[in-house]
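Note that the structure is a prediction, hence the values are computed from the model and not measured.
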Amino acid sequence: MQAPLAGGVTIPRGDGTTVVRLRRGASLTDFADKINANPASLVTVLFHLGEMATATQSLAEDTFALLGAELGYVVEVVSPEDEDRELLESFDIDIEGEAEGDEEFLEPRPPVVTVMGHVDHGKTKLLDAIRHANVVAGEAGGITQHIGAYQVHFEHEGVDRALTFIDTPGHEAFTAMRARGAKVTDIAVLVVAADDGVMPQTIEALNHAQAASVPIVVAVNKIDKEGANPAKIRQQLTEYNLVAEEYGGDTMFVDVAAKQRLNIDALLEAVLLTADAALDLRANPDKDARGVAIEASLDKGRGPLATVLVQSGTLAVGDSIVCGTAYGRVRAMLDENSEAMDVALPSRPVQVLGLTSVPRAGDTFIVAPDDRTARQIAEKREAVERAAMLARRRKRISLEDFTKALEQGKVQTLNLILKGDVSGSVEALEDALLKIDIDEQVQLQVIHRGVGAITQNDVNLATVDNAVIIGFNVRPAERVSEMADREGVDMRYYSVIYQAIEDVEAALKGMLKPEYEEAQLGTAEVREVFRSSKFGNIAGCLVRSGEIRRNSKARLLRDGVVVAQNLAIESLRRFKDDATEVREGYECGIGLGSYNDIRIDDVIETFEMREKPRT
């Protein structure tokens with residue numbers, strides 16, 4: 001049905017129940033195609049509804065809802081998962097998980113174990129003990145800032161069993177990465193220091209694991225230290241629904257000492273017993289691999305390097321894979337000891353070489369039929385993501401708010417470009433920085449983030465947008481420093497996330513307009529008033545408190561009431577001599593310039609405006 005709308009525009013109308021499905025970040029042109037309308041007419045309708053947008057601009061979900069309600073359509077924005085499923089279905093790629101594998105094809109797979117807990121409670125030390133390696137020494141500030149994945153073998157009940165361990169960072173800024181660790185995992189090992197007890201991040205890690213519905217094994221670490229109290233840990237964790245087996249619960253607690261390598265076997269045994277009792281860990285290895293990227297980085301000699309965890313199927317060298325918006329052919333696969341592998345079975349973490357770009361940590365990967373299909377899927381995902389990002393970035397401006405928006409030009413924005421060694425760190429750093437809350441006057445905007453060395457393109461972007469470049473565990477490429485100096489671009493380098501957050505917070509505080517507060521300097525009581533033809537009335541005063549300074553601001557009080565504001569001490573004398581200041585207990589003569597209404601017993605109060613430090 002055609003119906004004229006505001007402004008005389010005619011558009012096909014819905015009956016109020018007609019559903020229009022749109023992808024994230026769609027434009028008015030996409031909407032117009034779905035309802036056979038002219039995009040220009042939709043621009044007009046939106047304008048009359050108080051929204052301004054072009055026909056090709058990516059719009060937010062609520063804008064489409066508003067437009068749909070006006071035209072009689074129910075607008076459904078397809079979720080990212082549905083969107084991706086539809087995209088893969090269009091390429092005839094099987095997108096179901098294990099459901100497609102008949103029972104006869106499913107084979108046992110190793111459990112994937114995530115080590116979680118509070119910072120400095122010994123998670124990485126515990127993994128050191130399990131792997132007989134030393135990771136902590138290589139981490140800045142002794143804080144794990146990357147996700148590592150390793151597979152170890154352990155003999156359990158006479159059978160050689162494999163276990164895959166994922167080490168998530170302990171610092172609170174890496175919540176996003178830790179949550180991701182819980183999503184790909186089968187079992188969580190919660191590490192709690194026996195001498196420290198349950199801490200905020202212990203609870204946070206516990207919440208992630210419980211939200212992901214994974215069984216938990218508690219490793220009570222540092223039992224060899226003085227003041228260790230494993231019983232207290234068991235009692236504290238009962239408050240969070242983790243009741244030890246010895247207390248009649250179903251959670252296994254193991255007392256360990258990572259440094260002394262005490263009870264490590266008992267911990268591995270507890271993990272395997274929990275896995276066998278609570279989980280059916282089986283996968284079909286005879287199909288195309290699918291899984292998740294745990295970490296990704298840009299290696300100077302080898303290009304993009306992704307650590308992926310195969311969740312089902314078998315990944316082989318030569319396979320064409322798509323991982324988020326990155327694609328490529330698997331040129332080589334390396335295990336945690338950097339030894340080459342030909343195939344990776346389910347639950348196996350491997351480093352993959354051959355991708356064209358760096359995927360994000362947490363992106364899922366699938367094997368595509370050929371390179372061309374892989375490229376097409378990646379390109380479509382990228383286009384969709386870019387459109388969605390533009391829609392998120394666009395601020396809705398109604399006609400009423402247009403003037404207000406112009407006034408908001410006063411709002412200051414600190415633009416940042418983030419570059420890091422691995423994508424998980426960059427993402428977590430961005431997450432932490434965007435949580436900094438200072439004031440409505442200043443805003444923080446991350447205009448670009450990436451993996452690898454700081455390049456000339458980053459400096460060019462920073463020059464155009466007046467941005468600060470933050471390098472996390474990376475340095476600038478050749479001649480980039482000179483270019484940055486020439487262009488006046490500020491580049492900062494960090495290896496510990498605390499420092500980056502503190503510096504950015506300080507910078508934001510520095511961008512705020514200074515706030516001033518009044519500081520009282522002194523008060524003087526008027527004892528006598530002298531009249532002078534040359535200087536007007538002069539107040540003969542006794543300084544009651546503080547000090548009176550020449551040229552300071554003043555106000556006059558009479559019976560406790562302010563009778564004059566915005567005065568200044570224009571002349572100040574002690575006897576016949578000019579003075580710059582007169583202290584408490586001394587007498588002086590004060591001239592308030594052209595203000596002459598001074599009486600005996602009035603009080604002259606002096607003050608100055610001081611800049612208030614930001615907290």
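In terms of heavy-atom proximity, Asp363 sits nearest to Gly324 at OD2-CA, 3.6 Å. Heavy atoms only, all atoms of each residue included: Val214 and Ala188 are closest at CG2-CB, 4.1 Å. Between Ala296 and Val358, the shortest heavy-atom distance links the atoms CB-CG1, 3.6 Å. Contact between Asn263 and Val256 at its shortest, heavy atoms only, is O-CG1, 3.6 Å. Closest heavy-atom contact between Ile447 and Ala467: CD1-CB, 3.8 Å. Taking every heavy atom of both residues into account, Lys222 and Ala193 meet most closely at CD-CB, 3.9 Å.
Formation of a donor-acceptor pair under 3.5 Å by the Arg329 side chain with backbone atoms of Gly318 is found in this model. Of the possible donor and acceptor atoms, none in the side chain of Asp299 sits under 3.5 Å from a partner among the backbone N and O of Gly303. A distance-only check finds no donor-acceptor pair linking the side chain of Gln311 to the backbone of Arg348 [under 3.5 Å]. For the pair Thr164 (side chain) and Ser347 (backbone), a donor-acceptor distance under 3.5 Å is present. The backbone N or O of Thr455 lies less than 3.5 Å from a partner atom in the side chain of Asp458, making a donor-acceptor pair. Formation of a donor-acceptor pair under 3.5 Å by the Ser423 side chain with backbone atoms of Pro359 is found in this model. Judged purely by atom type and a 3.5 angstrom limit, Asp186 uses its side chain to pair as donor or acceptor with the backbone of Val112.
Applying the side chain to side chain donor-acceptor pair (under 3.5 Å) rule to pairs touching residues 235-252 yields Arg234-Glu246, sequence neighbours excluded.
Neither side chain, Asp421 nor Ser297, offers a donor N or O lying under 3.5 Å from an acceptor on the other. A donor-acceptor pair shorter than 3.5 Å can be found between the side chains of Asp503 and Tyr494.
No more than 12 heavy-atom neighbours from other residues, nucleotides or ligands sit within 6.0 angstrom of CG on Asp342.
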Test side chain to side chain donor-acceptor pair (under 3.5 Å) applied to Asn284 and Ser312, step by step
CA-CA 6 Å; Asn284 179 3; Ser312 66; over 6 Å; no

